[in-house]
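Contents: one structure, followed by commentary.
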Amino acid sequence: MYSSALSLSFLCVLASASNILITNDDGWATAQVRQQFDVLSSAGHNVVLSAPALNQSGKSSLSTTPKPLTEPCEFDTCPTGSPAIGFNASNPRLNYVNGYPVDAARYGIQTLAPKYYAGARPDFVVSGPNVGSNLGLVVLFSGTVGAACEAARSGIPAAAFSGVSGSEVSYTTLTTDANGSSSVAARIYSDLTAMFVDALTASGATRPCPLLPAGVIVNVNYAAIDSCPSAASYEWVFSRLVWNVFATDVHTCGSDHLPTESTVVDAGCYASLSVLDAQSKLDANATMQAQVMANLEALSFTCLPS
């Protein structure tokens, strides 16, 4: 059993439907991000998508001025010459920004959120699920992690989600190849992310405030789906980016040294969960880890087999 070293006295009651902004670095039209939009919307959340027009993987926290498209949006979802910022004609909650992941997240926070949330900011930012893992020091280059850090630096709780399985394919694949590995991965990883969001914002739940401590993000990685046929197959394990013999982590599973993310996702049907400093993108301290663990206790963290 997991045990937290921290007891918090500040509690809050959260509404059943949260204002959630989704972004990523793979682009606004991938199967993974559209499936995530649909799953969270179906769960009753007030969801808006703001993501790059093109694949912008590996852009970290870079920023640029969005410009009109000199080529089509990914998967031909908008033509050459389209404006720098646009939306899906049939669903204006689906928005693209012809810039980097940070620019898409910033546009969602500063422009879209006030429009769709009655002047309010997002309650939470979901970055991903990314196509492919973001483990260890890879996070320093990840646009998925960069977008989540941009939100946290703006004072909004955020997490980056990534999954080992799947390829970068169009959202149309969800229907044209519903049983293909990328579609299955998109469904499983989106369901897992919805579980995370529900644990953090559960209806009527009384839990420590704020949703996450200021200045941190959560980095979540999902193991391959090969032997894990559904979200229910997975268990959640608290982790850290990289092994550090000198670091003291939150005490859990009989130790004050957390397993690395890579160790967790390589062990089977597990989801690793690490707490990162939003500025350095490195492991947060034990106090921050304990606060996040307390806020997400509904996930029922487990320990890796000895």
Side-chain angles (χ1 to χ4, degrees), residues 22-27 30-33 36 51-52 54-63 100-105 125-153 158-169 181-182 185-186 188-190 192-193 196 212 215-226 228 234 236-245 247 249 257-285 288-289 292 304:
I22 301 180
T23 189
N24 71 353
D25 71 358
D26 293 317
T30 62
Q32 287 80 357
V33 80
Q36 190 66 76
L54 302 166
N55 183 349
Q56 297 291 353
S57 297
K59 295 301 191 297
S60 188
S61 290
L62 294 175
S63 179
Y100 297 145
V102 161
D103 304 310
V125 171
V126 169
S127 186
N130 186 69
V131 180
S133 61
N134 277 305
L135 301 165
L137 295 181
V138 170
V139 301
L140 299 177
F141 309 100
S142 166
T144 301
V145 173
C149 288
E150 173 67 18
R153 293 167 186 168
F161 302 88
S162 305
V164 172
S165 297
S167 302
E168 184 164 342
V169 295
S181 60
S182 291
I188 292 174
Y189 295 155
S190 292
L192 285 165
T193 301
F196 179 103
L212 293 174
V216 304
I217 69 161
V218 177
N219 189 48
V220 177
N221 280 273
Y222 303 127
I225 65 170
D226 301 14
C228 315
Y234 286 75
W236 299 83
V237 177
F238 224 81
S239 60
R240 63 180 292 116
L241 283 183
V242 292
W243 175 253
N244 184 348
V245 68
D249 296 316
H257 292 285
L258 293 170
T260 65
E261 297 172 325
S262 296
T263 299
V264 173
V265 298
D266 288 344
C269 298
Y270 295 104
S272 68
L273 191 156
S274 302
V275 185
L276 312 186
D277 182 284
Q279 295 294 338
S280 68
K281 303 180 184 177
L282 299 176
D283 288 296
N285 61 38
M288 293 297 187
Q289 291 171 343
V292 172
L304 290 179

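Each residue takes its place number in the sequence, starting with 1. This one's a predicted model, so the numbers in the text were calculated from it and none came from an experiment.
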Side-chain donor or acceptor of Gln36 paired with backbone N/O of Ser190 under 3.5 Å: yes

Main-chain N/O of Leu135 paired to Ser133 side chain as donor or acceptor, under 3.5 Å: no

Of all heavy-atom pairs linking Val216 and Ala284, the shortest is CG1-CB, 4.3 Å

Contact summary for Thr23 and Ala147, nearest pair of heavy atoms: CG2-CB, 3.7 Å

Separation between CG of Asn219 and CG of Asn221, rounded to the nearest 0.5 Å: 5.0 Å

Supply the atom-to-atom distance His257 NE2 to Asp249 CG, rounded to the nearest 0.5 angstrom. 7.5 Å

Quick one: list whatever passes salt bridge (charged side-chain N to carboxylate O under 4.0 Å, His left out) with Glu150, sequence neighbours left out. Arg106

Kindly compute the distance separating OG (Ser274) from CZ (Phe238), expressed to the nearest 0.5 Å. 8.0 Å

Are Glu168 and Asn55 close enough that a side-chain donor and a side-chain acceptor fall under 3.5 Å? yes

Closest heavy-atom pair and its distance - Gln289, Arg240: NE2-NH1, 4.3 Å

CG of Asp277 to CG of Asp283, rounded to nearest 0.5 Å, is 10.0 Å

To the nearest 0.5 Å, tell me how far Gln32 CD sits from Ile22 CD1. 12.5 Å

Judged by atom type as modelled, is there a donor-acceptor pair below 3.5 Å linking the side chain of Ser165 to the main-chain atoms of Ile225? yes

Of all the heavy-atom pairs spanning Ser60 and Lys281, show the shortest one and how long it is. OG-NZ, 3.0 Å

For the student: nearest non-hydrogen atoms of Val242 and Gly136, plus distance: CG1-CA, 4.2 Å

Where Cys228 and Ile188 come nearest, the two heavy atoms and their spacing: O-CD1, 3.5 Å

Taking the side chain from Tyr234 and the backbone from Ala223, do they hold a donor-acceptor pair closer than 3.5 Å? yes

Has Tyr222 got a side-chain atom pairing as donor or acceptor with Ala185's backbone, closer than 3.5 angstrom? no

Side chains of Asn24 and Thr144, donor plus acceptor under 3.5 Å: no

Partner set under ring-ring contact (aromatic ring centres under 6.0 Å, His included) for Phe161, not counting sequence neighbours: Phe196

Rounded at 0.5 Å granularity, tell me how far CG in Leu140 sits from CG in Leu241. 8.0 Å

Exam field: side chain Asp26 to backbone Val131, donor-acceptor pair closer than 3.5 Å: yes

